[in-house]
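Here the structure comes first, spelled out in structure tokens, and everything after it is commentary.
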Amino acid sequence: MFKLSLRKILCYLWVALLAFSFYVSVRTSYRQSLATEEFAYACDSFGYLRMAKQIRHAVSRGTWPQFKLESTQTRLLINFMQQQNLPVPRWEEVVAPHAHHYFPASGYVGVQYPPGTGLVLAMFPQGEAVYRLNRIVVFVFVVVGIGALVIAAWKQAWASIGLVMLALTAGLMILARLGALTFSMNAVLVPILLMCLSSIFALRFRDRNLGLVCALFAGLCLGFAMLIRLPAFLLLPGFLVLLWPEWRNIRVKSLPVALVLGVIVTGIIPVLINQQDVAGAWYLSTYASVDAAAPTLERLQFNRSYFLGDGPASVDNWALLYALVGFVGFLIFYLTRGSEQPNRLGLSWKRLALSAFLIWFIGICYFLTHWITAVHYMTPSVFATLGLIGFGALGIEVTSIEVQRFNTRSALSWLALVLILWPGVATFNRVWTRRSIGPAPERATTHAPILLPSELVDDKAWIWADLLTGSLWYYASKPAFKIQFTDPETRAMIFRWVFERGERQYLIQDSEQMKKYIEEIEQLGGKLEMRGKVDGQPYFLVVWPSSGPAAMQAKG
């Protein structure tokens, strides 16, 4: 009796430590994520906020949202590019602000993203959308975390609860870290979390209609995650492996079929409709040529360091290492009797491990050979891998037919104990050193509208910029063009064409990269006259000689 009570006490203490670690991570994430400023800036933030704005406007008028972008200057520039018979990839981006480009099939400039993130943000008022979204995400994580901790304490599931807390903590740290870099991660975390949970419930009730409902819900979550971030489709094979234990017994009324049906309803069909509307054909991607390019081994060396070495996208790989260590400890503990103990999920550790591996491996293979890189590209795959390992292990432990006892005389049991405890302790140390003790913001932080000087408001004024191109569209309805997204020859043609129209050209130095184009303009014979600032960034009037830009120097 004393040994049993001592075991329970130690289990409660372990759960309490994990609960405290989870509390610290929740507090930090809540404080930092709610401080994110809602600012339509650069690429992702502008693109998603503008889509949300268009959806709100469409709902208020009872019409279909239009994710296209049109202005007199935009159309003039498109017509000029077409008259020069230049290949579209050379100018599809320069005729638009960030997150947008020209679609030859539709003949319009449109946004490159699927509408899921914009739809989520549109559920909240403009100016408070990011604040409220982050608050709801943290709330969902808290509810799931408390539920997992209660189940672990009730069922004495001490060997797996650390993996669950690791997944939830990693998700909260991602939410806190990304800030305004991209709002798609804020929106996709909850669907992925619910997908992992509902998949485990589908296995638990696989012999009832409730299991089909859970699998369908998992598919709906995965489909919506795909509508938020298109590469979320790469998660599907891993979850099919999880829900498809009997490969030879394929039935219409089965968990995998229900999963795929959900993906089709909320993912594939809406994405194809959006592509038809924006890109001009259901089979055409809304992403630009370089982003929709086929995988290539040319990027492998750089991307390997970027995602797996010490590059920016490796920032969450620590969680994968911790999960691997904890899962190995979990397996050693459950296999010390020489055979795997049966559980009510019908889930073997081999199938769980294969499913989690595929979720991560397919994603990393794709992005290692992808032309474009970003710090958040692997985040959905990493979080889904962690979530599936954590909740899968918890499901196995909670539903095991026989309770596994710790054998104090077994060296393997002690090794398993160390491996199981280490990720939880290491995660707590990471959370504690990065904790935020300040109060959470009581209200949303919203960027002030951008007011343009009268000379820039003029319809005859052309603006070349970088990070503020979208901001000017969003806050001032002013066309601005990202001239860095083309080659020197095309830029020289554009400069001369606007000069020959007798219209003024302005350049906003809103990034370090714009210095390169200032030098390029000077090489073409232009001078830049400082005129003031736009949103704190200096802007210049481009003064050309009477003969205009020196076209021959554009190739230098």
Side-chain angles (χ1 to χ4, degrees), residues 37 39-47 73 77 81 89-101 179-182 288 290-291 302 306 311-312 371-375 447 450-453 455-456 461-476 478-499 503-545 547-556:
E37 181 184 44
F39 182 21
Y41 181 66
C43 191
D44 282 21
S45 298
F46 161 62
Q73 287 186 337
L77 190 53
M81 292 289 99
R90 286 182 61 181
W91 57 269
E92 62 181 350
E93 298 248 26
V94 74
V95 298
H98 271 291
H100 294 69
H101 61 92
L181 176 64
T182 175
V290 65
D291 215 356
F302 173 81
Y306 190 88
W371 273 105
I372 306 298
T373 56
V375 66
H447 195 79
I450 296 177
L451 301 177
L452 292 178
E455 63 180 342
L456 296 184
W462 291 76
I463 298 178
W464 319 125
D466 182 10
L467 300 179
L468 285 176
T469 52
S471 304
L472 300 189
W473 274 97
Y474 189 85
Y475 297 104
K478 175 62 181 178
F481 305 94
K482 50 184 192 294
I483 58 171
Q484 70 272 32
F485 282 80
T486 188
D487 54 81
E489 290 77 12
T490 304
R491 277 192 293 271
M493 292 173 56
I494 294 174
F495 294 152
R496 172 161 287 279
W497 173 69
V498 176
F499 169 79
E503 296 173 340
R504 298 185 305 278
Q505 303 178 43
Y506 295 88
L507 182 144
I508 302 177
Q509 189 179 339
D510 54 352
S511 71
E512 284 295 315
Q513 193 175 9
M514 293 304 292
K515 293 181 180 179
K516 172 183 176 181
Y517 307 107
I518 291 176
E519 295 176 357
E520 190 173 291
I521 289 174
E522 291 174 341
Q523 291 173 2
L524 295 173
K527 296 182 180 179
L528 287 95
E529 178 184 314
M530 178 71 174
R531 303 291 291 180
K533 291 187 176 182
V534 175
D535 198 47
Q537 305 301 318
Y539 78 94
F540 305 85
L541 171 66
V542 181
V543 181
W544 296 107
S547 59
M552 292 300 295
Q553 298 183 21
K555 297 181 180 180

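Just so you know, these numbers use all the heavy atoms, side chains as well, and skip hydrogens, waters and symmetry mates.
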Starting at [atom1] of [X], measure out to [atom2] of [Y] and round the result to the nearest 0.5 Å.
X: Leu541; Y: Gln505; atom1: CG; atom2: CD; answer: 9.0 Å
X: Glu455; Y: Arg504; atom1: CD; atom2: CZ; answer: 6.5 Å
X: Thr486; Y: Met81; atom1: OG1; atom2: CE; answer: 7.5 Å
X: Lys482; Y: Asp510; atom1: NZ; atom2: CG; answer: 12.5 Å
X: Leu467; Y: Cys43; atom1: CG; atom2: SG; answer: 9.5 Å
X: Gln73; Y: Leu77; atom1: CD; atom2: CG; answer: 8.5 Å

Donor-acceptor pair, distance only, cut-off 3.5 Å: does the side chain of [X] make one with the backbone of [Y]?
X: Lys478; Y: Leu456; result: yes
X: Thr469; Y: Phe481; result: no
X: Ser471; Y: Ala40; result: yes
X: Tyr474; Y: Gly47; result: no

Q) Are Glu529 and Lys527 within salt-bridge range, i.e. N to O under 4.0 Å? A) no

(Q) I'd like to know if Glu520 and Arg491 make a salt bridge, using a cut-off of under 4.0 Å between side-chain N and carboxylate O. (A) yes

[X] versus [Y], closest heavy-atom pair with distance:
X: Pro538; Y: Met530; answer: CB-CE, 3.5 Å
X: Gly525; Y: Pro545; answer: O-CD, 3.1 Å
X: Leu468; Y: Ile450; answer: CD2-CD1, 4.3 Å
X: Ser547; Y: Phe499; answer: C-CE2, 4.0 Å
X: Gly470; Y: Pro97; answer: N-CB, 3.9 Å
X: Tyr506; Y: Ala461; answer: CE1-CB, 3.7 Å

For [X], what residues pass the ring-ring contact (aromatic ring centres under 6.0 Å, His included) criterion, not counting sequence neighbours?
X: Tyr517; result: none
X: Trp497; result: Phe80, Trp462
X: Phe540; result: none

Q. When the ring centroid of Tyr41 is compared with that of His98, is the distance short of 6.0 Å?
A. no

**Q.** Audit row: Arg90, Glu489, side-chain contact (heavy atoms from CB on, under 4.5 Å) steps and yes/no
**A.** CA-CA 10 Å; Arg90 286 182 61 181; Glu489 290 77 12; 4.0 Å; yes

**Q.** Plane angle bin for Tyr475 and His447 - parallel if under 30°, tilted between 30 and 60°, otherwise perpendicular
**A.** tilted

(Q) Angle between ring planes, Trp544 versus Phe495, binned at 30° and 60°: parallel, tilted or perpendicular? (A) tilted

Q. Side chains of Ile483 and Ile494: closer than 4.5 Å at any heavy-atom pair?
A. no

Q: Would you indicate whether the side-chain heavy atoms of Ile372 and Val290 approach each other to under 4.5 Å?
A: yes

Q: Take Leu472 and Ile508 through the side-chain contact (heavy atoms from CB on, under 4.5 Å) test and state the conclusion after the steps.
A: CA-CA 11 Å; Leu472 300 189; Ile508 302 177; 3.9 Å; yes

(Q) Does Leu452 form a side-chain contact (heavy atoms from CB on, under 4.5 Å) with Val534? I'd like the steps, not just the answer. (A) CA-CA 7 Å; Leu452 292 178; Val534 175; 3.8 Å; yes

Q.
Test side-chain contact (heavy atoms from CB on, under 4.5 Å) on Glu522 and Leu528; report intermediate values, then the result.
A. CA-CA 8 Å; Glu522 291 174 341; Leu528 287 95; 4.0 Å; yes

